Every structure is written in C-alpha cells, then in structure tokens.
Amino acid sequence: ILRDGDPQDFEAIGIVGLSARIKGNRAKISSSHKGCQEINSALTTFLGRDELQFEVEDEGYVLMRGNRLAENLSEGERTAIGFVHLITNLKDQDFNPASGSVGIDDPVSSLDSNSMFQAFAFLKNSVKDAQQVFLMTHNFDFLRLLINWINNSREKRGYYMIKNAYGASGERAASIDALDRLLEKHESEYHYLFKRLYMFE
C-alpha cells in the first residue's frame with residue numbers, strides 16, 4: 001500500500017502515484033508560470049523591444065501588446081515567438097543541450113535587418129552549450145553571419161545546401177550537397193549567381 005496505494009481509497013495513491021503527481025505539477029510550473037518571465041526577457045532581446053509581453057493566465061499564457069490583447073501579429077513577430085518558445089524549452093528539465101542535438105529552421109524568416117542581428121546574437125548564446133546544432137536558412141545575410149561565427153570557432157563544422165533538379169518527366173527532386181565554395185568564401189552571393197548564369201544552358 002505504501003508503494004502502490006490503496007485501490008479502494010482514492011486519496012491513498014502511494015509513493016508511485018505521488019511521484020507521478022509531483023512530476024506533472026513540476027512540468028506545469030516549468031512550462032507556464034515559472035517560464036513566463038524568461039520568455040518575456042528572451043522575446044525582448046530577440047525583437048529589440050518590449051511591446052509584446054506574455055502574462056500568466058490559469059496554467060498558460062496570454063499575449064499582450066501594451067495593455068491590450070495582442071492581435072494581428074506580423075510574420076516576424078510570429079517567428080520570434082516560435083523561436084523564443086523553442087529556445088526556452090531547450091532549458092527545460094527533460095532536455096540537456098550538452099548531450100543532445102538542436103535543429104533550428106530559418107529563425108530570421110520575415111525579420112528586418114536590425115532584428116536579424118539581434119536574433120543572431122540571441123541564437124549564439126542560446127545554442128553555445130549544445131553538443132550538436134543544425135541551422136537552416138534561406139537568407140544569405142544570415143548565412144554569412146553563421147559562417148563567419150563558425151569559422152572563428154574551433155568546433156567541427158560542415159556546410160551543405162539543398163539542390164533541386166528536374167528529371168526527364170519534369171518532376172522536381174531535391175538532394176543535399178556540399179555548400180558551393182563561392183557561397184562559403186565570398187561576402188556576396190553575386191559570384192554564385194554569376195556562376196549559375198554562366199553554366200545555364
């Protein structure tokens with residue numbers, strides 16, 4: 001009874017049931033009340049302004065813009081919120097970045113140039129302790145920031161790009177290949193674009 005509880009008594013849940021209840025309550029605290037201030041701080045760093053703030057409501061959040069409920073979020077704001085939520089959850093009790101892998105897909109999508117630099121600084125600090133990081137982007141300026149950052153570190157690295165090709169039947173197929181050296185070595189993408197035009201048949 002001490003370990004498994006008494007099935008005839010709802011309140012006598014035993015050590016196993018009590019441990020499960022404690023774990024569930026900790027998860028709720030971690031994902032809502034306790035994390036609210038951390039998310040707000042990260043969101044302010046990411047966007048460079050504190051206009052958007054989360055407030056605790058019951059066991060979740062409500063997003064405010066000033067004193068009103070936040071509505072009509074821009075694509076950049078949605079991107080920032082999603083990214084901040086991901087990074088905050090990386091620090092949760094069930095995941096250890098130092099022994100895990102982190103994958104982030106285009107964190108600067110729809111952000112202006114000023115926000116992109118703030119997002120990059122935030123990203124560097126957020127994943128610096130991760131064992132392995134996969135970063136994907138469509139933005140060349142952000143790619144250059146990543147390459148310059150990684151080249152100045154002593155970590156193992158690899159740069160890849162997705163190439164699309166059309167078969168005889170007209171179907172498109174994608175493949176992963178090494179990043180073109182012109183994209184890796186030059187601060188501008190025009191060298192690569194000229195190469196593509198030169199090779200066009």
Side-chain angles (χ1 to χ4, degrees), residues 38-39 41-49 52 73-92 94-201:
E38 185 176 358
I39 290 177
S41 176
L43 189 61
T44 298
T45 301
F46 195 102
L47 291 174
R49 61 182 192 274
L52 291 174
L73 297 175
S74 69
E75 287 298 319
E77 289 171 338
R78 294 182 188 208
T79 297
I81 291 169
F83 181 66
V84 163
H85 186 265
L86 167 68
I87 295 301
T88 301
N89 281 317
L90 288 180
K91 302 174 183 177
D92 206 356
D94 295 328
F95 179 73
N96 180 12
S99 60
S101 298
V102 178
I104 301 175
D105 183 12
D106 224 357
V108 299
S109 175
S110 304
L111 293 178
D112 59 33
S113 57
N114 291 331
S115 297
M116 183 179 68
F117 286 103
Q118 292 164 331
F120 173 68
F122 182 77
L123 171 67
K124 284 200 305 182
N125 291 329
S126 300
V127 302
K128 64 182 179 181
D129 297 324
Q131 182 185 48
Q132 189 177 42
V133 181
F134 296 91
L135 298 169
M136 293 154 277
T137 184
H138 295 88
N139 187 302
F140 182 77
D141 292 328
F142 188 67
L143 174 66
R144 288 309 318 167
L145 289 174
L146 292 175
I147 289 176
N148 291 334
W149 166 45
I150 296 171
N151 282 346
N152 289 323
S153 71
R154 296 182 179 179
E155 302 297 331
K156 292 182 180 179
R157 60 188 182 271
Y159 304 117
Y160 303 93
M161 63 190 300
I162 296 177
K163 292 184 176 180
N164 291 307
Y166 289 88
S169 61
E171 293 182 355
R172 187 178 68 168
S175 62
I176 298 177
D177 201 355
L179 182 68
D180 193 288
R181 288 183 61 82
L182 292 177
L183 291 173
E184 181 179 348
K185 298 299 181 183
H186 293 280
E187 295 296 321
S188 167
E189 61 185 323
Y190 291 113
H191 302 80
Y192 174 72
L193 294 176
F194 179 80
K195 172 188 173 181
R196 296 297 299 171
L197 288 172
Y198 182 76
M199 296 174 60
F200 185 75
E201 295 180 359

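Please read all numbers here as calculations on a predicted model, not as lab measurements.
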Mutual orientation of the aromatic rings belonging to F120 and W149 [parallel < 30°, tilted 30-60°, perpendicular > 60°]: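 Perpendicular, since the angle between the ring planes exceeds 60°.
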
Audit row: Y159, N151, side-chain contact (heavy atoms from CB on, under 4.5 Å) steps and yes/no: CA-CA 11 Å; Y159 304 117; N151 282 346; 2.8 Å; yes

I'd like to know whether [atom1] of [X] has more than 12 heavy-atom contacts from other residues, nucleotides or ligands below 6.0 angstrom.
{"X": "F140", "atom1": "CZ", "value": "yes"}
{"X": "H186", "atom1": "NE2", "value": "yes"}
{"X": "R172", "atom1": "CZ", "value": "no"}
{"X": "F117", "atom1": "CZ", "value": "no"}
{"X": "R181", "atom1": "CZ", "value": "no"}

Does a side-chain heavy-atom distance below 4.5 Å link [X] with [Y]?
{"X": "M136", "Y": "D106", "result": "no"}
{"X": "R157", "Y": "I147", "result": "no"}
{"X": "V127", "Y": "I104", "result": "yes"}
{"X": "V108", "Y": "D141", "result": "no"}

What closest approach, in Å, do [X] and [Y] show between heavy atoms, and which atom pair accounts for it?
{"X": "R78", "Y": "L73", "result": "NE-O, 3.4 Å"}
{"X": "A174", "Y": "N164", "result": "CB-OD1, 3.4 Å"}
{"X": "R144", "Y": "K185", "result": "NH1-N, 4.1 Å"}
{"X": "M116", "Y": "N139", "result": "SD-OD1, 3.8 Å"}

Working to the nearest 0.5 Å, report the span between [atom1] of [X] and [atom2] of [Y].
{"X": "E184", "Y": "L182", "atom1": "CD", "atom2": "CG", "value": "10.5 Å"}
{"X": "L47", "Y": "L43", "atom1": "CG", "atom2": "CG", "value": "4.5 Å"}
{"X": "I162", "Y": "D177", "atom1": "CD1", "atom2": "CG", "value": "11.0 Å"}
{"X": "L145", "Y": "K124", "atom1": "CG", "atom2": "NZ", "value": "8.5 Å"}

Test: R49 and E77 ion pair at under 4.0 Å: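 Salt bridge between R49 and E77, a charged N being under 4.0 Å from a carboxylate O: yes.
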
Worked check of side-chain contact (heavy atoms from CB on, under 4.5 Å) between L146 and L123: CA-CA 10 Å; L146 292 175; L123 171 67; 4.2 Å; yes

Option passing side chain to side chain donor-acceptor pair (under 3.5 Å) with D180 (candidates K195, H191, K163):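 Of the listed residues K195, H191, K163, the side chain to side chain donor-acceptor pair (under 3.5 Å) partner of D180 is K195.
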
Steps toward side-chain contact (heavy atoms from CB on, under 4.5 Å) verdict (V84, F122): CA-CA 9 Å; V84 163; F122 182 77; 4.3 Å; yes

Candidate pair E189 and L143, rule side-chain contact (heavy atoms from CB on, under 4.5 Å), full reasoning: CA-CA 10 Å; E189 61 185 323; L143 174 66; over 6 Å; no

Short side-chain to backbone donor-acceptor contact, S153 and I150, under 3.5 Å: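 Yes, because the side chain of S153 sits within donor-acceptor range (under 3.5 Å) of the backbone of I150.
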
